[in-house]
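Note sheet for the following structure.
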Amino acid sequence: MIGVVLLVHNLVPNSVTNFEKPQPYFNILLIIVFILSLLLAIANTITKKIKVFQYNSPRIGVAFALIGIYDLATAKFGWINTLFFPNPDKIFGALVNNSALLVKCLGYSVWLLIIGWVIGGILGVITGVLIGWSTNWHYWLDPFVKFLGPIPPTVLIPIALSAFPTSFAASAFLLALSMWFPVTILTNSGVASVRIDYLEVADTMGASTIQKIFKVALPASLPSIFVGLFNGICASFITLMVAEMLGVKYGLGWYINWQREIMGYANVYAGLIVLAIAFSLIITILFRIRDHFLKWQEGLIKW
Amino acid sequence: MVARTEEIRVENLRKVFPSRDLNKPDVVALDHVDAKIMPGEFVSLIGPSGCGKTTWLRLISGLEVPTDGAIYVGDKKITAPGRERGLVFQDPNLFPWLTVQENIAFGLKIKGKLTQEDHENIAELITLVGLTGFEKSYPYQLSGGMAHRAAIARALVNNPEVLLFDEPFGALDAFTRMKLQNDVLRIWHERKTTMILVTHDVEEAIFLGQRVFAMTPRPARVKKIINIKLDYPRKRDDQTFIALKEEVLSVLDFHNI
Ligand SMILES: Nc1ncnc2c1ncn2[C@@H]1O[C@H](COP(=O)(O)OP(=O)(O)O)[C@@H](O)[C@H]1O
Ligand SMILES: [Mg+2]
């Protein structure tokens with residue numbers, strides 16, 4: 001198995017190293033990956049113990065093989081339009097050359113996201129608990145949630161951009177809204193469906209209403225709340241990208257859109273790669289947090 | 001045995017569940033129930049299924065409010081649940097998000113930060129119910145019998161004056177059930193808690209109770225009180241034990257079914 005992967009690794013860098021190119025970075029990446037996998041493979045054949053490597057090497061190998069094919073299709077033989085599909089060399093070069101701006105844009109986007117999540121998440125849990133726990137609050141707040149919630153926050157972008165003094169505040173508001181709705185709905189359903197027996201157990205222990213909410217209803221709703229957080233984060237990604245492409249003057253979405261307008265397609269792909277890595281990392285972190293908080297659940301599905 | 005609690009008086013107790021369906025009559029679960037339970041006594045309640053035993057227990061715990069009549073502990077009328085009356089439910093109902101230890105500590109945690117004494121108390125309870133080594137386990141990792149032990153320990157942590165059991169061992173295999181019955185007796189001897197145990201198992205009622213309250217079908221009333229004057233630990237194959245079983249069964253009319 002390792003041998004096959006090594007062969008694939010061998011083939012890919014070789015097909016590229018013989019090629020003249022303006023940017024050295026892609027080549028460097030390939031060489032580093034190649035040397036790394038070679039070292040790991042040697043270490044593995046000696047100790048037979050590097051499980052992570054054994055498990056992942058086939059798919060990493062295939063991934064690089066695919067990049068190699070793409071490289072052949074663009075840089076080497078020019079089978080497809082290289083204006084819209086720049087070769088990996090150019091993309092990787094763009095990634096490295098623009099890294100400072102990309103990191104700045106990423107930082108801006110992530111900072112906005114975090115503000116939106118915190119505000120929307122906290123308000124969502126509060127609203128969800130209120131309508132899930134108290135029939136009075138349910139009576140007054142439920143129509144409000146049901147009316148406002150289903151509106152896609154992206155529709156509100158033009159209004160928000162003109163209503164708020166800064167586009168930063170407008171984006172933060174929209175992101176909070178994206179987070180708020182799913183968290184509210186799923187906290188509500190979690191709290192409303194807490195097993196009555198758990199609350200009665202707490203009653204016989206002399207728990208107060210506040211204690212029943214915080215020590216029984218909320219922990220019991222955690223699985224549901226995490227589904228809400230997941231949905232909210234995914235919704236906020238969409239909202240953020242659309243907002244940045246429509247009017248916000250910073251961030252990854254803005255960068256990608258701007259580069260598209262000036263035909264900098266290599267930079268567009270560089271932006272997309274950063275975006276994909278960042279968002280996938282964020283979701284992974286969320287699931288790690290969830291795994292920690294829900295370790296009491298039997299047969300929890302890991303991310 | 002020195003009693004540390006007060007007697008429980010049940011006076012003219014009536015509980016009606018209003019029907020949600022207009023075409024159906026209201027459910028009268030209990031009617032004219034009178035009883036007196038002595039401090040530190042062990043009482044078994046037995047009766048046909050659906051007669052109102054759970055309802056009675058929930059009224060004593062304060063989870064339900066009587067339609068008529070009242071229950072007193074000493075001269076205090078029961079109006080709401082309180083930590084001085086523990087209830088062990090039919091299902092263990094452990095909080096799945098807490099470990100065994102945290103579940104048992106729950107009653108103390110809501111009173112405030114745990115003291116050194118609290119920690120010792122919890123450790124002692126874990127030993128008492130034989131769960132040493134499982135302190136950090138989550139409920140899904142426990143067997144049925146272990147979960148029931150944890151539930152009993154959780155109810156005991158507040159050191160209640162009265163401990164109510166609602167068919168707690170019904171779902172367990174015979175062997176585990178017998179072990180837990182012995183555990184309950186041991187706890188009763190050590191803590192001198194007043195115990196009221198609902199069961200549908202005649203043998204269990206006689207094995208545990210100093211008195212067995214046999215109930216009528218719904219609406220439940222106390223049909224007959226059978227005194228069990230056997231010394232603990234009781235032997236299930238004893239002649240008197242078997243005779244008492246016959247007596248309870250005939251009071252419950254099981255022979256005519
Ligand atoms: N919350 C409730 N609402 C309506 N009816 C109830 C409720 N609780 C119990 N009952 C009815 O009261 C009767 C007695 O129930 P229960 O006390 O659970 O009986 P047991 O424990 O003796 O089997 C049953 O007919 C049951 O359907
Ligand atoms: Mg019952």
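The chains referred to below are lettered A, B, ... by the order of the sequence lines, with proteins before strands, and numbering in each begins at 1.
Other residues, nucleotides and ligands contribute at most 12 non-hydrogen atoms within 6.0 Å of the CZ atom of A/Phe293. The local environment of OH in B/Tyr140 is crowded, with over 12 non-hydrogen atoms from other residues, nucleotides or ligands closer than 6.0 Å. Annotation for B/Glu190: atom CD counts as buried by contact number, over 12 foreign heavy atoms lying within 6.0 Å. Other residues, nucleotides and ligands place no more than 12 heavy atoms under 6.0 Å from the CZ atom of B/Phe134.
Side-chain contact between A/Thr204 and B/Arg85 is absent, with no heavy-atom pair separated by less than 4.5 Å. Between A/Val216 and B/Phe95, the closest side-chain pair of non-hydrogen atoms falls below 4.5 Å. Contact of the B/Ile110 side chain with the A/Phe214 side chain is not registered, since no non-hydrogen atoms from C-beta on lie closer than 4.5 Å.
In this structure, CH2 in B/Trp97 is found 6.0 Å from OH in A/Tyr198, a value given to the nearest 0.5 Å. Between atom CD of residue A/Gln211 and atom NZ of residue B/Lys111 there is a gap of 11.5 Å, rounded to the nearest 0.5 Å.
With a threshold of 4.5 angstrom between heavy atoms, B/Arg154 approaches chain A through its backbone and through its side chain. Within the 4.5 angstrom heavy-atom criterion, atoms from both the backbone and the side chain of B/Asn93 approach chain A.
Residue with the most contacts toward chain A among B/Leu164, B/Thr99, B/Leu108, B/Leu63: B/Leu63 (heavy-atom pairs, distance under 4.5 Å). Among the candidates B/Pro96, B/Ala151, B/Ala155, the residue making the largest number of heavy-atom pairs closer than 4.5 Å to chain A is B/Pro96. Top candidate by heavy-atom pairs under 4.5 Å with chain B, chosen from A/Glu200, A/Arg195, A/Lys215, is A/Glu200.
Across every non-hydrogen atom of B/Phe106 and A/Met205, the tightest pair is CD2-CG, 4.1 Å.
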